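What follows is a short report on a single structure.
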2 protein chains.
Amino acid sequence: MADKKSKYDQRYMAAVDAAAAVFADKGYHGAGTLDIAEKLNIKQGSLYYYFPSKEAALEAVCLEGIKYGVAYLESLLQEERSFAETIKAILHHTLSSLHDRADYMIVFDDERQCIPVERRGRIREQSSYYHKLLEQIFRRAQQRGEMKRHLDIYISVRAFTGLLSSISSWYHTQQDIDSEAVAEQYSEMFLGGSCA
Amino acid sequence: MADKKSKYDQRYMAAVDAAAAVFADKGYHGAGTLDIAEKLNIKQGSLYYYFPSKEAALEAVCLEGIKYGVAYLESLLQEERSFAETIKAILHHTLSSLHDRADYMIVFDDERQCIPVERRGRIREQSSYYHKLLEQIFRRAQQRGEMKRHLDIYISVRAFTGLLSSISSWYHTQQDIDSEAVAEQYSEMFLGGSCA
DNA sequence: TAGAATTTCTATAATTCTATAGATTTTATT
DNA sequence: AATAAAATCTATAGAATTATAGAAATTCTA
């Protein structure tokens, strides 16, 4: 057994994958446990071997969905790239995630609020940590004089994450578009604006 | 009778309002016709006097939600303001809509995809018309030399609408924030970028 | 290969939700 | 006030969905 992952872990991840695909397609409330089970080729009841509830499946998808984004921001903070390079790197990373793991990104963006507030703790934690990391990046850029000093950091981060998450709402519908070009233009707009 | 609106029309609009509030709060699938009826102080079954189905209620909310935005863009195209002024005006208008009609904006942004594709015609029509109007504005700005020539119009419009709709996801949770400051900073970022 | 552990299945209870039909109440009209 | 029209209510059929319990099948291990 060279595999690190146990049989169970592999199958569990397949279940999370299936949930991600179904939630991305129909939305949390629009999708049923039956849909997920069918995608896994098991019966509806068997799904409960992997998740204690439909909600737990959504939470698993969301946590998986933000994992790499957070890790990537952490790694970017270690390296000391320029602000412009950092922004471009984040955009490229987001685009490639959107390509490789579209379902997770979509579910995280659109469905995480379906988890009732009282059980949203772990996801809020991750997502506000993501915001904190971006704030650090922006603050450092201001200190270094790479970013306009008078811009409010909170609003800037919100605007930037807005740009990021908006991509997922249209990018996957345009299959012929060049992801490189999208990342380039978004970063140019964010960094240098649209005015001539 | 000085009123233009009939009794029925008033009550119908109250029903659309209630649906908007409930859908914004719980999402389309998360909300029930019972919730809407309770908000209107009628019984669940009575709701069907106003809507033939729950889906029809969502469609009504969405169409109402985009109405003023479209009308405002049309009026902006008539006036011949500069690109910068136009962008600022759109942001101000969006912020004020978000203040006065938050429920409609939220439902339009987050729930319109709950209408099955085969019945999404009228909403897609409005929403792609909105995009078309923005494309016209951007194209004119490029022709006048007010906007960078090499920016792809389609991507720019997507980025801009992404900025706009992202505001609704956080603005209403921050009650102490100054809407004027938000509009100013968003337009500065979009027009002139973030780099120092 | 026998027994243990894991995984999946069957069947169903319990609940929830949409939508309809016909009765009833309220409001408007003459 | 009598009648007509509009608005709401009651009661329920019918469908869908989550979650559970225990049986059956499969896979692993010694």
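So that the names make sense, note that chain A is the first sequence line, chain B the second, and so on, each numbered from 1. None of these values were measured; they are calculated from a predicted model.
Rounded to whole angstrom, the span from the CD atom of Q10(B) across to the P atom of dA6(D) amounts to 16 Å. Between the C1' atom of dA5(C) and the OH atom of Y8(A) lies a distance of 14 Å, rounded to the nearest Å.
In plain terms, the two heavy atoms of M189(B) and S194(B) that are nearest each other are CE-OG, 3.6 Å. For E111(A) against G27(A), the heavy-atom pair with the smallest separation is OE2-CA, 3.5 Å. The two atoms that bring L77(A) and R140(A) nearest to each other are O-NH1, 3.4 Å, heavy atoms only. The minimum heavy-atom distance between A89(A) and L76(A), with the atom names listed, is CB-CD2, 4.1 Å. Of all non-hydrogen atoms in R112(B) and I123(B), the two that sit nearest each other are CD-CG2, 4.0 Å.
In this pair, F190(A) and F138(A) present their aromatic rings tilted. The plane angle is within the 30 to 60° band.
Using N1 to N3 plus N6-O4 or O6-N4 for Watson-Crick, or N1-O2 and O6-N3 for G-U wobble, each under 3.5 Å, dA30(D) pairs with dT1(C).
Residues of residues 11-26 of chain A having a heavy atom closer than 4.0 Å to DNA chain C, listed by number: R11(A). For residues 31-53 of chain A, proximity to DNA chain D is found at A31(A), G32(A), T33(A), Q44(A), G45(A), Y48(A), S53(A), defined as any non-hydrogen atom under 4.0 angstrom from a strand atom.
For the pair S156(B)/M147(B), a side-chain contact is recorded, criterion being any heavy-atom separation below 4.5 Å from C-beta on. Inter-residue side-chain proximity for E180(B) and H92(B) is flagged as met; some heavy-atom pair is nearer than 4.5 Å.
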